[in-house]
Amino acid sequence: QVQVVESGGGLVQEGGSLRLSCTASGLTFDARAMAWFRQAPGKEREGVSYINWSGSSTYYADSVKGRFTISRDNAKNTLYLQMNSLKPEETAMYYCAAARAASVGSWWRSPATYAYWGQGTQVTVSS
C-alpha cells in the first residue's frame, strides 16, 4: 500500500529555518514528479514548490523564491524542502504530494495533478 509521510515541521521564530522531509513507499517514487503544498486555516491549498522526477526542473511559488529550496534523493525515496527566512504568514500545514506523471510542467500548482498525499506536517512561525 502507498504511504507518504512528512516530517520536520514545528515551531520556529520569524526569520528561522526548517527542513521538511517526505518519505514515500509503495509507489514509483523515482518516476514521479513531487511537490509541496501548504494550507492555512480558511485558505485554499497552494502549491509551494515542485520538482520533476530527476530534479532537473523545479518551480516555486513567487512568495518563496530565493528562500525555499526543493530537492529529492531518489535512492532514499525522500523529498525535502529547505525553508529559510520564514515568515509568520507561512504558518500552515505543509503537505507532500506525488504526481501521476514524471513531469507536469504548468500543471504543477493544481492539486488534481497529484495522486498521493501525505497527512501533513504543521509549520508554525511566530512573530
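Position 1 is the first residue of the sequence; numbering continues from there.
Within the 3.5 Å criterion, the main-chain N or O of Val5 finds no donor-acceptor partner in the side chain of Gln119. At distances below 3.5 Å, not a single donor-acceptor pair connects side-chain atoms of Asn74 with backbone N or O atoms of Phe29. In terms of modelled atom types and a separation under 3.5 Å, the side chain of Tyr95 and the main chain of Glu6 share no donor-acceptor contact. Although no hydrogens or angles enter the test, the distance criterion places a donor-acceptor pair under 3.5 Å between the side chain of Asn52 and the main chain of Ser57.
Across every non-hydrogen atom of Tyr60 and Lys65, the tightest pair is O-CE, 3.3 Å. Across all their heavy atoms, Val2 and Gly26 have their closest contact at CG2-O, 3.3 Å. For the pair Asp30 and Trp53, the tightest heavy-atom approach, listed with the atom from each and the gap, is O-CE3, 3.3 Å. Between Trp117 and Pro111, the closest heavy-atom pair is CZ2-O, 3.5 Å. Counting all heavy atoms, side chain and backbone alike, Ser21 lies closest to Thr78 at CB-CG2, 4.4 Å.
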Indicate every side-chain donor-acceptor pair of residues 120-127 with a distance under 3.5 Å to a residue at least two apart or in another chain.
| residue | atom | partner | partner atom | Å |
| --- | --- | --- | --- | --- |
| Thr121 | OG1 | Gly9 | N | 3.1 |
| Gln122 | NE2 | Ala92 | O | 3.4 |
| Gln122 | NE2 | Thr124 | OG1 | 3.4 |

Which donor-acceptor pairs under 3.5 Å do side chains of residues 99-109 form with protein atoms, sequence neighbours excluded?
| residue | atom | partner | partner atom | Å |
| --- | --- | --- | --- | --- |
| Arg100 | NE | Ala112 | O | 3.3 |

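Note on Leu18: it clusters hydrophobically with Met34, by side-chain heavy-atom contacts below 4.5 Å among ILVMFWY residues. In the hydrophobic clustering of ILVMFWY residues, with side-chain heavy atoms under 4.5 Å counting as a link, Met83 and Val48 come out together. Hydrophobic clustering, with ILVMFWY side chains joined whenever heavy atoms are under 4.5 angstrom apart, keeps Met93 apart from Ile70.
Rounded to the nearest 0.5 angstrom, Leu27 CG and Gln3 CD are separated by 10.0 Å. The structure places OH of Tyr94 at 15.0 Å from OG of Ser7, a figure rounded to the nearest 0.5 Å. Distance check: Ser63 OG to Glu89 CD gives 8.5 Å after rounding to the nearest 0.5 Å.
Of the residues Asp73, Thr23, Leu20, Ile51, the one that meets the side chain to side chain contact (heavy atoms under 4.5 Å, CB included) test with Leu79 is Ile51.
Partners of Glu90 by salt bridge (Lys or Arg N to Asp or Glu O under 4.0 Å), not counting sequence neighbours, listed by chain and number: Arg38, Arg67.
With contacts defined as side-chain heavy-atom distances shorter than 4.5 Å, the pair Val4/Cys22 qualifies. Side-chain atoms of Ser49 and Leu81, non-hydrogen and from C-beta on, do get closer than 4.5 Å to each other.
In the model, Ser17 has a side-chain atom that pairs as donor or acceptor with a side-chain atom of Asn84 under 3.5 Å.
In this structure, Glu14 places its CD atom where more than 12 heavy-atom neighbours from other residues, nucleotides or ligands lie under 6.0 Å away.
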- request: Would you check, one step at a time, whether the test ring pair (Phe, Tyr, Trp, His ring centres under 6.0 Å) holds for Phe68 with Trp36?
  value: CA-CA 11 Å; Phe68 289 14; Trp36 289 98; over 10 Å; no
